A.B. asks: 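Structure provided below as structure tokens; questions to follow.
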Amino acid sequence: MQERLKELQTEALEKIAQAADLKELNDIRVSYLGKKGPITEVLKGMGKLTAEERPKMGALANEVRDAISSGIEEKHKQLEAAAVEAKLAGETIDVTLPGRPMKTGHRHPLTNVIEEIEDLFIGMGYTVEEGPEVEKDYYNFEALNLPKGHPARDMQDSFYITEEFLLRTHTSPVQARTMEKHKGKGPVKIICPGKVYRRDNDDATHSHQFMQIEGLVIDENIRMTDLKGTLQVFAKKMFGEDREIRLRPSFFPFTEPSVEMDISCKICSGKGCSVCKKTGWIEILGAGMVHPNVLEMAGFDSKKYTGFAFGMGPERIAMLKYGVDDIRHFYTNDVRFLQQFSIHE
Ligand code: DAH
């Protein structure tokens, strides 16, 4: 019996030493120390022992039990510590790994161009004005010397909402509105950027909705040379100091005389290429001296005041500046296109 108990102790301690995890260890505890375990089984034979032997055997059984349970306890601590170690190792953060770059947005290329133009004119003393996109026929046409039935209205196919209201076809109505606000007193010196709408079919160079920037200066003694000087500064700042400008006679009902401005082609330096259609020049904007009728209708004395105005399309300017070949790129918002302009932040 004594031997059997010793054997059980050795056997249990061996198993404990080999236990791989806490569950296995618990199984060992249950099987050796439980009520139906082998020690209890051995002790059932105590009845056959002499009264002298019995307490000795009881003491030995307790020793064996104690040895097994302290073995289990010891192993339990080891396994627990190992589990904590493993968990810590698994959760280690490698602070030397490079971070994942965050995706940030950036401004739209057209916004960049518009703000660049705004800054340029603000630097020359202009203020920025805005006007409504749903505009009265009066401001969009009539106040700009385009009475109802005027053939030049056909130059701008319009989206009418009612007979009196339409989506503005250009930013020129802001001229008429601003002049009206000044109640016949100069000077006026504004630019107004904004969206405009035309009943055009969209293609590489047309969009039913696009941007314009309008400029207007009214004061005493404003002359054509002031317009030319202003446009020259604009062209050089926007497209490079080596750009030349050229004014060609044109027609707009709200200006007299009217001109269109070209800049010398940057790509071929005026020699002629496909971008400038072999002319060496690229058309940029329309301009002219404000028509006396426009001044008078807005309450300005055209004998005292003169002024100039100009209107341009930021899309066209952005297309030339960045070599974009299709106006629709600005509106379809393909991030692969837009991402190319993130350097301008
Ligand atoms: N409003 C004209 C257009 O949309 C552009 C323009 C031409 C504006 C001459 C002007 C100007 O102020 O003087 O075609």
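Treat the numbers as computed from the prediction; the structure is a model and nothing was measured. Note that ligands are numbered from 1 as they come in the structure, with each ligand's atoms numbered from 1 the same way. For the single chain, residues carry numbers from 1 onward in sequence order.
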A.B. asks: May I ask you to check whether F254 and H291 place their ring centers less than 6.0 Å from one another?
C.D. replies: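 F254 vs H291: aromatic centres not under 6.0 Å.
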A.B. asks: Are R199 and F159 in a cation-pi contact, defined as NZ or CZ under 6.0 Å from the six-membered ring centre and within 45° of the axis?
C.D. replies: no
A.B. asks: Aromatic contact between F341 and Y322, with the criterion being ring centroids under 6.0 Å apart: yes or no?
C.D. replies: yes
A.B. asks: For side chain to side chain donor-acceptor pair (under 3.5 Å), just list the numbers for T171 and Q212, CA-CA rounded to whole Å, side-chain angles, deciding distance to a tenth of an Å, and then say yes or no.
C.D. replies: CA-CA 6 Å; T171 42; Q212 274 195 347; 3.2 Å; yes
A.B. asks: Step through it carefully: locate the ring centre of F121, locate the ring centre of F310, and say whether they are under 6.0 Å apart.
C.D. replies: yes
A.B. asks: Evaluate the criterion side chain to side chain donor-acceptor pair (under 3.5 Å) for residue pair E214 and H170; output intermediate values, then yes/no.
C.D. replies: CA-CA 9 Å; E214 189 82 9; H170 50 178; 5.9 Å; no
A.B. asks: Listing by chain and number, which residues have a heavy atom under 4.0 Å from ligand 1?
C.D. replies: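 Heavy-atom contacts below 4.0 Å: Q156, H170, S172, Q175, R198, Q212, E214, F252, F254, T255, G286, A287, G288, A309, F310, G311.
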